[in-house]
Amino acid sequence: MLLQLNESKHILDAISSRKGQVAVLIDPDKCKDERALVELLDKASFAGVDYLFVGGSTVAQNDFHRVIDFLNANTEIPIVIFPGASHQISEKADALLYLSLISGRNPDFLIGHHVQSASQVFDMNLEVIPTGYILIDGGTHSSVAYVSQTTPIPSDRHSIILNTAKAGLLQGKQIIYLDAGSGAKHSIPTDVINALNELSHPIIVGGGIRSIEQMEALKRAGANIVVIGNRIEENMDFLLDIQAFTSSSDKSVSH
Ligand code: 1GP
């Protein structure tokens with residue numbers, strides 16, 4: 001049988017189309033309660049959230065599939081996999097951020113997990129988005145740094161961050177994802193995003209984003225997507241504030 005790589009680009013085009021989009025990160029590890037998920041979906045859809053990112057550093061396969069299946073059946077918001085490992089793939093999502101942890105030097109997270117799942121992913125009806133994943137020091141020892149056994153780049157080393165992003169793009173990555181790690185004390189500084197703007201590729205930013213002011217600043221600096229995890233896990237009503245943020249964004253303007 002001839003394997004066929006899926007070449008659709010709907011989600012990549014949507015991500016590229018404008019700055020200041022919002023993704024809510026759903027960690028299936030923490031979603032045991034279906035009623036809470038229903039409430040989250042209601043509020044996320046009211047808030048005009050653009051994407052649901054699903055994944056995590058320590059997620060069990062059955063929890064991953066349970067949550068993806070539930071989202072697939074219950075929301076129109078695009079589901080994008082943000083995988084922590086090779087078992088976090090499903091055709092029921094709209095896209096897969098095909099992450100390589102290019103700030104690290106752990107071969108498992110540069111190519112190892114990819115080889116394990118390549119045959120399955122290659123044959124899936126799933127948009128695959130090559131993504132250069134750069135871990136930046138956010139002032140805490142993050143789960144992803146621990147699990148990947150890699151060292152984040154200090155946030156003031158702009159030339160290392162820029163050269164890492166450039167190397168990723170030269171390897172064919174379509175997006176750069178800057179992550180300060182879940183629960184970071186300091187989110188990605190806006191001057192890091194400014195330093196990458198010359199690359200003219202979409203930028204996703206996450207880790208430690210807890211206020212609308214931070215979201216506004218990251219959007220102004222040029223982030224295409226800001227990702228919020230913990231802040232919403234702690235209090236879903238933050239989505240009501242996000243509604244004001246998304247409705248003030250001019251969705252017709254492309255950059
Ligand atoms: C996704 O790691 C982030 O990139 C999520 O971080 O949970 O701190 O929002 P928070």
Side-chain angles (χ1 to χ4, degrees), residues 11 15 20-31 36 40 43-44 47 49-59 64 67 77-85 88 93 95-104 109 129 131-148 150 152-153 155 161 164-165 168 173 175-190 192-193 196 202-219 221 223-239 241-242 245:
I11 299 292
I15 293 173
Q21 299 178 69
V22 178
V24 172
L25 177 61
I26 299 179
D27 182 344
D29 238 2
K30 300 178 187 163
C31 292
L40 177 73
K43 290 188 170 159
V49 161
D50 298 280
Y51 312 95
L52 300 172
F53 282 9
V54 184
S57 315
T58 55
V59 180
F64 175 78
V67 168
I77 303 172
I79 303 163
V80 176
I81 301 172
F82 173 52
Q88 294 173 32
L96 165 67
L97 292 179
Y98 201 63
L99 305 177
S100 289
L101 179 48
I102 56 177
S103 55
F109 290 83
I129 305 177
T131 303
Y133 184 58
I134 300 180
L135 201 54
I136 308 278
D137 194 339
T140 47
H141 194 44
S142 65
S143 302
V144 57
Y146 179 78
V147 169
S148 66
T150 66
I153 305 177
S155 60
I161 298 168
T164 304
K173 314 298 186 229
I175 289 184
I176 297 298
Y177 193 135
L178 301 169
D179 199 346
S182 184
K185 261 194 223 145
H186 315 293
S187 57
I188 303 289
T190 51
V192 170
I193 299 169
L196 297 195
I203 297 173
I204 302 177
V205 184
I209 301 168
R210 306 188 57 82
S211 71
I212 298 298
E213 292 70 28
Q214 281 170 301
M215 295 172 70
E216 294 282 5
L218 292 164
K219 174 186 172 182
N224 292 68
I225 301 181
V226 291
V227 185
I228 318 285
N230 273 285
R231 182 71 179 84
I232 292 169
E233 280 164 20
E234 290 160 13
N235 183 358
M236 273 187 219
D237 286 347
F238 186 59
L239 284 161
D241 299 332
I242 290 181
F245 173 83

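Atoms within each ligand, like the ligands themselves, are counted from 1 in listed order.
Remark: Lys173 is not positioned above the aromatic ring of Tyr98, lacking an NZ or CZ atom under 6.0 angstrom from the ring centre and at most 45 degrees off the axis.
Relative ring orientation between Phe53 and Tyr177 is described as tilted, the plane-to-plane angle lying within the 30° to 60° band.
Note that the CD1 atom of Ile228 and the CD atom of Glu233 stand 11.5 Å from one another [nearest 0.5 Å]. Going from atom CD1 of Ile153 over to atom OG1 of Thr164 covers 4.0 Å, rounded to the nearest 0.5 Å. One distance of note links CD1 of Ile81 with CD of Gln88; it measures 8.5 Å at 0.5 Å rounding. Here CG of Leu178 is found 5.0 Å from CD1 of Ile188. Values are rounded to the nearest 0.5 Å.
The protein heavy atom nearest to atom 4 (O) of ligand 1 is Tyr177 OH, 2.5 Å. Protein heavy atom at the shortest distance from atom 2 (O) of ligand 1 is Asp179 OD1, 3.0 Å. When hydrogens are left out, the protein atom nearest atom 3 (C) of ligand 1 is Gly207 N, 3.3 Å; that is the closest non-hydrogen contact. In terms of protein heavy-atom proximity, atom 9 (O) of ligand 1 is closest to Gly229 N, 2.8 Å.
Of the heavy atoms in Asn230, both backbone and side-chain atoms come closer than 4.0 Å to ligand 1.
Remark: ligand 1 and Gly208 share an N or O pair separated by less than 3.5 Å (distance only, no angle test). For a threshold of 3.5 Å applied to N or O pairs, the pair formed by Phe82 and ligand 1 contains no separation below that value.
When side chains are defined from C-beta on, Ile209 does not count as touching Val227, because their heavy atoms never get closer than 4.5 Å.
Shown in contact with Ser182 at under 4.0 Å from a heavy atom are these atoms of ligand 1, numbered in order with element: 2 (O), 6 (O), 7 (O), 8 (O), 10 (P). The Gly183 neighbourhood of ligand 1 comprises atoms 7 (O), 8 (O), 10 (P), with distances under 4.0 Å to a heavy atom of that residue. The Gly181 neighbourhood of ligand 1 comprises atoms 2 (O), with distances under 4.0 Å to a heavy atom of that residue.
Screening residues 205-215 for salt bridge (charged side-chain N to carboxylate O under 4.0 Å, His left out) gives Arg210-Glu234 as the qualifying pairs, with residues at least two apart or on separate chains.
For atom 5 (C) of ligand 1, the nearest non-hydrogen atom from the set Leu25, Val24, Ile228 belongs to Leu25.
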